[in-house]
Amino acid sequence: MMFFKSRRSRAAVHHHQSDSDEEDYRKRVNKEEEEEGPGPCTSLTVWRKSLLYCCTGFTVIGSEGDLVYRVDNYRGDSGEEVLMDGKGKPILTIRHHKKLSLQDEWLVYEGEAADHTNGRSSSKKEKKKPLFSLKKQANFLNSNSNVLARVFLGAAADKRPAYVIQGSYAKRSCKVVDKVRNMVVAEIKMKEAANGSASFGSDVFQLVVRPGLDPTPAMAMVLLLDQMFS
């Protein structure tokens, strides 16, 4: 399953392995954007609540009122969350990887990367490589920074980030910036009532995803921010 759009999937991994390819990658990105044209934005309403009784999680509604994503946490704070589609099929697994460093790391795998029948990961599934990873920014090193987290394709290692998340999750005001194209590809916003006179509070907000980023990894980033700052 392709979660990052074609222009990123063809070149991004190679780009982050070699700085000399950056200019060539930028040219390919610009050419493909000219050919594809500006696509429509995807607007999702995110409700910080599970539809199931006695579960925590998320319910995500599309612009047509359809159930797009859901998260149902049965086990509380287990360090792992599974993002499902509207029918309950696992799409991504998010796992908190605690490290002896200033920055914790979160890994995101395709599908259900853990065996939930016994609460442990099987040896076969444990060998899955992450699609992308995220590190929380240690802002005490730079008190003036508005960067919340950095997103890397695959495991972080010593790569440059593919995306940077800026803003304030507590205020539901965040931007995901594509570092290669230097443009905003997703935003988290407070959701306002139809007449614009009031908002729904912090538990109901909007996720707006622009062309160039698939809504699925964008929603995974929301879950990661919620783990970090809630």
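Values below: every heavy atom of this structure, side chains too, minus hydrogens, waters and symmetry copies. All values reported here derive from a predicted model rather than from experimental measurement.
Side-chain N/O atoms of S43 and Q206 include a donor and acceptor closer than 3.5 Å. Counted by atom type alone, Y169 and S230 present zero donor-acceptor pairs between their side chains at under 3.5 Å.
L148 CG to M228 CE: the interatomic distance, rounded to the nearest 0.5 Å, is 8.5 Å. Interatomic distance, L92 CG to Y69 OH, rounded to the nearest 0.5 Å: 8.5 Å. From K175, atom NZ reaches atom CG of N146 across 9.5 Å, with rounding to the nearest 0.5 Å. To the nearest 0.5 Å, atom NZ of residue K171 and atom CD1 of residue I188 are 14.5 Å apart. Rounding to the nearest 0.5 Å places NZ of K136 at 9.0 Å from NE2 of H96. Atom OG of S202 and atom NZ of K191 lie 15.0 Å apart (nearest 0.5 Å).
S133 contributes a side-chain N or O that, together with a main-chain N or O of G154, makes up a donor-acceptor pair within less than 3.5 Å. The closest donor-acceptor contact from the side chain of D66 to the backbone of V68 lies at 3.5 Å or more, if one exists at all. Distance alone, capped at 3.5 Å, is enough to place a donor-acceptor pair between the D85 side chain and the K89 backbone.
When every heavy atom of A220 is checked against every heavy atom of L83, the shortest pair comes out as N-CD2, 4.3 Å. Taking all atoms of both residues into account, the shortest heavy-atom contact from A186 to A218 is CB-CB, 4.5 Å. Shortest non-hydrogen contact noted between A162 and L153 is CB-CG, 3.9 Å. Between P40 and P211, the shortest heavy-atom distance links the atoms O-CG, 3.8 Å.
Partners of R48 according to the salt bridge (Lys or Arg N to Asp or Glu O under 4.0 Å) rule, which considers only residues two or more places apart in sequence or in another chain, are D203, D226.
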**Request:** Give the C-alpha distance, both sets of side-chain angles, the deciding distance and a yes or no for side chain to side chain contact (heavy atoms under 4.5 Å, CB included) between E187 and R210.
**Result:** CA-CA 8 Å; E187 291 185 78; R210 299 179 181 177; 2.6 Å; yes

**Message:** Evaluate D178 against L213 for side chain to side chain contact (heavy atoms under 4.5 Å, CB included), listing each step before the verdict.
**Reply:** CA-CA 9 Å; D178 185 317; L213 180 64; over 6 Å; no

**Request:** Report the C-alpha distance between V60 and R70 in whole Å, list the side-chain angles of each, state the deciding distance to 0.1 Å, and finish with yes or no for side chain to side chain contact (heavy atoms under 4.5 Å, CB included).
**Result:** CA-CA 6 Å; V60 184; R70 56 188 287 187; over 6 Å; no

**Request:** Walk me through it: do V209 and L207 pass the test side chain to side chain contact (heavy atoms under 4.5 Å, CB included)?
**Result:** CA-CA 6 Å; V209 186; L207 173 62; 3.9 Å; yes

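The closest side-chain heavy-atom distance from I61 to L44 is not below 4.5 Å. In this structure, the side chains of L131 and Y109 stay at 4.5 Å or more apart for every pair of heavy atoms. At least one side-chain heavy atom of T59 sits under 4.5 Å from a side-chain heavy atom of L67. Counting heavy atoms from C-beta on, the side chains of P161 and V151 never come closer than 4.5 Å. Inter-residue side-chain proximity for I165 and V147 is flagged as unmet; no heavy-atom pair is nearer than 4.5 Å. In this structure, R150 and Y163 have side chains that are not in contact, with every pair of non-hydrogen atoms separated by 4.5 Å or more. Contact annotation: the side chain of W106 approaches that of I94 to within less than 4.5 Å [non-hydrogen atoms, C-beta and beyond]. Proximity of D72 to V82: side-chain heavy atoms (C-beta onward) are nowhere separated by under 4.5 Å.
Ion pairing between E105 and K135 fails under the 4.0 Å rule for side-chain N and carboxylate O. Between E81 and R95 no salt bridge is recorded (no basic side-chain N to carboxylate O distance below 4.0 Å).
Members clustered with V177: V184, by chain and number, using a 4.5 Å side-chain heavy-atom cutoff among hydrophobic residues.
Hydrophobic clustering (ILVMFWY, side-chain heavy atoms < 4.5 Å, transitive): V208 and V46 are in distinct clusters.
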